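Each remark here refers to the structure printed beneath this line.
Since this is a predicted model, take the numbers as computed values, not measurements.
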Amino acid sequence: MVMPVFPTQASAFPRPPMAPTATSGLIPPVTRTVEPTLGTITPPLPPTQPISELDRWAQENYGANADELEEAHLLELGDYILKMAERDEESYAGRNQRMQQSQDMYDLTVGPDKTWHVWREPEEKEAQGGELVISPEPFIFVDKVENMLAGAELTLEKASKGIDDMTQAQLVEDALYWWMREWSVRRILAGNVDPRREMAHYQALRGEVCILTMPDAQGDSRFPWHFEIEDPMFVFPRFSRKGLIRVIRKYSISALEARHEYPEAMDMLKEYKEEDEVAVVAYYDAIYHAILLEGRPLAVSGTKKDASVIKPPIKHGLVDFYGVPQVPWVIARPLAGNQHRSKF
């Protein structure tokens, strides 16, 4: 098979001939004067660089960026992040209530304190001659979806622009397959399940998938990324019409886990027992990420603060192909519609 050879320069395209006219002369001759303009199209300008809300607050109050504040001012910034987290969590109250209902159905949990469930006293059931039966269908459905998706063959494809790019496209595919295998093995060795199964679980049970995707230059040089699949019930993203603005994650872990995950908090947690739970608030935007330990009041200049800063605002360094900073989260909502712009 002989492949056609396409010219690559505008000068290689001759001017097209005059358009044909009708025999009757009713259609006047029209000259086609449009010439190819290869190489003359100006590439689009990159998007505007985002501005962090933390930088805006720090500039308004202390005339510096968030990563340049003194320690005493960092605690005030921590209070600002906590108030932001409270507002974001409150805006997701409806969503979390629905997720909790789904979780209760999945766990086959019933009781008089479950307002979503019609509870009848034993005397009432006896009078009506019936008994309340809890269906295991929610659990069976979620488990079946997990098994189906986790067992499906994963296909990763990178289309090439032409024959010359086929080798590079294949290398990209090979790298993606290696990355998925490496991520899966590392998660399993860390006591987690296969990432495909975990993503399928949250998609079926919660209706969302939330993945933290951040460079990790201080971690293992053989896999310098930090990827975590998080429970959407504890992740609070905020959007605009242009995309993701910030993400707040609020969760509880044991003091033992906190000491291992955040060595910087060793002094803050020294009076805690290993099994004690501590509340952590994590903030992410297109520029920074910061970690706070909630409920640890400290006295600074005679003022009580509501949190300790485990990690001050640090630039995470995630950018797109244009070099524009990005929020290091993937929020997948298969049936979301425009719900992110309303009260959940």
Once rounded to the nearest 0.5 Å, what's the spacing between atom [atom1] of [X] and atom [atom2] of [Y]?
{"X": "R333", "Y": "R95", "atom1": "CZ", "atom2": "CZ", "result": "6.5 Å"}
{"X": "D79", "Y": "L74", "atom1": "CG", "atom2": "CG", "result": "11.5 Å"}
{"X": "K311", "Y": "E264", "atom1": "NZ", "atom2": "CD", "result": "5.0 Å"}
{"X": "T155", "Y": "L176", "atom1": "OG1", "atom2": "CG", "result": "12.0 Å"}
{"X": "F227", "Y": "D216", "atom1": "CZ", "atom2": "CG", "result": "10.0 Å"}
{"X": "D174", "Y": "L156", "atom1": "CG", "atom2": "CG", "result": "10.5 Å"}

Does the side chain of [Y] come within less than 4.5 Å of [X]'s, by heavy atoms?
{"X": "C210", "Y": "W329", "result": "yes"}
{"X": "E198", "Y": "V209", "result": "no"}
{"X": "L149", "Y": "R196", "result": "no"}
{"X": "M180", "Y": "W183", "result": "yes"}
{"X": "V280", "Y": "S252", "result": "no"}
{"X": "V309", "Y": "L75", "result": "yes"}
{"X": "V324", "Y": "V319", "result": "no"}
{"X": "W179", "Y": "E182", "result": "no"}

Do the charged groups of [X] and [Y] touch, with an N to O distance under 4.0 Å?
{"X": "R56", "Y": "E60", "answer": "no"}
{"X": "R187", "Y": "E228", "answer": "yes"}
{"X": "E274", "Y": "R259", "answer": "no"}
{"X": "R246", "Y": "D88", "answer": "yes"}

message: Would you say D104 and Q100 are linked by a side-chain donor-acceptor pair, where the criterion is simply a distance under 3.5 Å?
response: yes
query: Do N65 and Q59 get their side chains close enough for a donor-acceptor pair, meaning under 3.5 Å?
result: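 Yes, because at least one side-chain N or O of N65 sits under 3.5 Å from a partner of the opposite role on Q59.
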- request: Mark yes when over 12 heavy atoms from residues, nucleotides or ligands other than E275 sit less than 6.0 Å from its CD; otherwise mark no.
  value: yes
- prompt: Around I51, counting heavy atoms of other residues, nucleotides and ligands shown, do more than 12 lie under 6.0 Å from its CD1?
  reply: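 For I51, atom CD1 is not crowded (no more than 12 foreign heavy atoms under 6.0 Å).
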- request: Evaluate the criterion side chain to side chain contact (heavy atoms under 4.5 Å, CB included) for residue pair L54 and I81; output intermediate values, then yes/no.
  value: CA-CA 8 Å; L54 302 188; I81 294 176; 3.9 Å; yes
Measure across [X] and [Y] and return the closest heavy-atom pair with its distance rounded to 0.1 Å.
{"X": "A258", "Y": "V278", "value": "CB-CG2, 3.9 Å"}
{"X": "A85", "Y": "I248", "value": "CB-CG2, 3.6 Å"}
{"X": "Y284", "Y": "V327", "value": "O-CG1, 4.3 Å"}
{"X": "Y283", "Y": "E53", "value": "OH-CB, 4.0 Å"}
{"X": "W178", "Y": "R222", "value": "CH2-O, 3.7 Å"}
{"X": "A66", "Y": "L77", "value": "CB-CD2, 4.2 Å"}

Find out if a path of hydrophobic residues (ILVMFWY) with successive side-chain heavy-atom gaps under 4.5 Å connects [X] to [Y].
{"X": "Y177", "Y": "M199", "result": "yes"}
{"X": "V247", "Y": "F239", "result": "yes"}
{"X": "I291", "Y": "L318", "result": "no"}
{"X": "V142", "Y": "F139", "result": "yes"}
{"X": "L212", "Y": "V193", "result": "no"}

Any side-chain to backbone donor/acceptor pair from [X] onto [Y]? Under 3.5 Å, distance only.
{"X": "D285", "Y": "Y288", "result": "yes"}
{"X": "D276", "Y": "Y272", "result": "no"}
{"X": "Y92", "Y": "P237", "result": "yes"}
{"X": "E76", "Y": "H73", "result": "no"}

field: Residues that E146 engages under side-chain hydrogen bond (donor to acceptor under 3.5 Å, both in side chains), provided they are two or more places apart
entry: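 E146 satisfies side-chain hydrogen bond (donor to acceptor under 3.5 Å, both in side chains) with R197, H201 only.
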Residues in side-chain hydrogen bond (donor to acceptor under 3.5 Å, both in side chains) contact with Y262, at least two apart in sequence or another chain: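 For Y262, the residues satisfying side-chain hydrogen bond (donor to acceptor under 3.5 Å, both in side chains) (neighbours in sequence not counted) are Y251.
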query: Can you list the other members of the hydrophobic cluster that holds M233, where links are side-chain heavy atoms under 4.5 angstrom apart?
result: M99, F234
- prompt: In a check of side-chain contact (heavy atoms from CB on, under 4.5 Å) between H316 and each of H226, M214, Q326, which one passes?
  reply: M214
query: Of the options K250, R87, E90, which is the one that meets F236 in a side-chain contact (heavy atoms from CB on, under 4.5 Å)?
result: K250
- request: Kindly determine whether D107 and Q103 satisfy side-chain hydrogen bond (donor to acceptor under 3.5 Å, both in side chains), including the steps that lead there.
  value: CA-CA 6 Å; D107 293 335; Q103 185 68 49; 3.1 Å; yes
- prompt: Given the rule in the side-chain hydrogen bond (donor to acceptor under 3.5 Å, both in side chains) test, do S254 and E257 qualify, once you have shown the distances and angles that lead to the verdict?
  reply: CA-CA 5 Å; S254 68; E257 293 175 282; 3.1 Å; yes
Side chain to side chain contact (heavy atoms under 4.5 Å, CB included) between Y62 and W57, worked out: CA-CA 8 Å; Y62 297 106; W57 180 91; 3.9 Å; yes
task: Please test W225 against F223 for ring-ring contact (aromatic ring centres under 6.0 Å, His included), starting from the C-alpha separation and ending with a verdict.
output: CA-CA 6 Å; W225 302 285; F223 197 77; 5.2 Å; yes
